[in-house]
Amino acid sequence: MERAYWLMKSEPDEASIDTLAQSVSQRLPWTGVRNYQARNFMRDAMRIGDGVLFYHSSCPQPGIAGLAEVASTAYPDTTQFDPASPYFDPRSDPAAPRWLHVDVRFVRKTRLLGLAEMRATHSLSDLQVLQRGNRLSITPVTPAQWQAVLAVLDAG
DNA sequence: GCCAACGTTGGC
DNA sequence: GCCAACGTTGGC
């Protein structure tokens, strides 16, 4: 299967591109996804080696902050069973975990490609994350969109 | 299956 | 803090 591409949102207060870069293995479990569509992308469509645009959300400067790579297939998210976790889900059955996640590996930081610039750039205008009403924390990116993002990053 | 109420996301 | 948009829940 050929390499696919994704945009994954993270709140930098929780996990930023620097968190990923500075983690021991430069690799983090993408825990906390509690949306079925986003979960299904990880479970059904992601493959090891897929490219990831690391996006900072809910922060002063939202935008793409770096590149990463899918580093595992999907496996159960342990935070769903931890009552102390904000991601605790009392309705999830340990025998059939509801929530899964992949691991993500650091590739490199980029300049911050801010949301306003993304919106102002024609070649990026069809990115799913920019579409009206989109709230998904994980969205697919086409090979053409991936190339366009890299080109815009280089141009800046 | 419908749909109103409620919760969450996330930019501004 | 506001609010648009969308997802989830649960009564019926």
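Keep in mind that this is a model prediction, so the values were computed, not measured. Numbered from 1 within each chain, the chains take letters A, B, ... in sequence-line order.
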A.B. asks: Could you go through residues 52-74 of chain A and list every donor-acceptor pair under 3.5 Å that involves a side-chain atom there, pairing it with any protein atom two or more places apart or in another chain?
C.D. replies:
| from | atom 1 | to | atom 2 | distance (Å) |
| --- | --- | --- | --- | --- |
| His56(A) | NE2 | Ile17(A) | N | 3.0 |
| Glu69(A) | OE1 | Arg105(A) | NH1 | 2.8 |
| Ser72(A) | OG | Asp103(A) | N | 2.8 |

A.B. asks: Nearest whole angstrom, please: distance from the P of dG11(B) to the CD of Glu117(A).
C.D. replies: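 It is 16 Å, rounded to the nearest whole Å.
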A.B. asks: With sequence neighbours excluded, what pairs up with Tyr36(A) under the side chain to side chain contact (heavy atoms under 4.5 Å, CB included) test?
C.D. replies: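 For Tyr36(A), the residues satisfying side chain to side chain contact (heavy atoms under 4.5 Å, CB included) (neighbours in sequence not counted) are Arg39(A), Arg98(A), Trp99(A).
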A.B. asks: On DNA chain C, check which nucleotide each of Asn134(A) and Arg98(A) is closest to and give me the residue with the more 5' one.
C.D. replies: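 That would be Asn134(A).
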A.B. asks: In whole angstroms, how far is the C1' atom of dT8(B) from the CD atom of Gln37(A)?
C.D. replies: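 That distance rounds to 15 Å.
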A.B. asks: Distance check: side-chain N/O of Arg135(A) vs OP1/OP2 of dG7(B), anything under 4.0 Å?
C.D. replies: no
A.B. asks: Whole-Å distance between dT9(B) P and Ile138(A) CD1?
C.D. replies: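 Whole-Å distance recorded here is 13 Å.
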A.B. asks: Can you tell me the distance, in whole Å, between the CD atom of Glu14(A) and the P atom of dT9(B)?
C.D. replies: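 Distance, rounded to whole Å: 10 Å.
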A.B. asks: Determine: side-chain N/O of Lys9(A) to OP1/OP2 of dT9(B), distance under 4.0 Å, yes or no.
C.D. replies: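 So the side-chain polar atoms of Lys9(A) never come under 4.0 Å of the phosphate oxygens OP1 or OP2 of dT9(B).
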A.B. asks: When clusters are formed by joining ILVMFWY residues with side-chain heavy atoms under 4.5 Å apart, either directly or through shared neighbours, do Leu100(A) and Met8(A) land in the same one?
C.D. replies: no
A.B. asks: In terms of side-chain heavy atoms of Leu115(A), which of dG7(C), dC12(B), dT9(C) is nearest?
C.D. replies: dC12(B)
A.B. asks: Could you state the CZ-C1' distance from Arg39(A) to dT8(B), rounded to the nearest angstrom?
C.D. replies: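 Distance, rounded to whole Å: 18 Å.
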A.B. asks: Is there a donor-acceptor pair under 3.5 Å between the side chain of Arg34(A) and the backbone N or O of Tyr87(A)?
C.D. replies: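 Yes, because the side chain of Arg34(A) sits within donor-acceptor range (under 3.5 Å) of the backbone of Tyr87(A).
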A.B. asks: Would you call the rings of Phe41(A) and Trp6(A) parallel, tilted or perpendicular if under 30° counts as parallel and over 60° as perpendicular?
C.D. replies: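 Because their plane-to-plane angle lies in the 30° to 60° range, the rings of Phe41(A) and Trp6(A) count as tilted.
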A.B. asks: Would you say Tyr36(A) places a side-chain N or O within less than 4.0 Å of OP1 or OP2 belonging to dC6(C)?
C.D. replies: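 Answer no for this pair, as no side-chain N or O of Tyr36(A) is under 4.0 Å from OP1 or OP2.
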A.B. asks: dA4(C) P sits how many Å from Leu130(A) CG, rounded?
C.D. replies: 21 Å
A.B. asks: Which of these nucleotides, dG11(B), dG10(C), dG7(C), is closest to any side-chain atom of Arg91(A)?
C.D. replies: dG10(C)
A.B. asks: Without decimals, in angstroms, what is the distance between Glu11(A) CD and dT9(B) P?
C.D. replies: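 Taking CD of Glu11(A) and P of dT9(B), I get 7 Å after rounding.
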A.B. asks: What is the distance, to the nearest angstrom, from the CG atom on Leu136(A) to the C1' atom on dG7(C)?
C.D. replies: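 Interatomic distance, CG of Leu136(A) to C1' of dG7(C): 10 Å.
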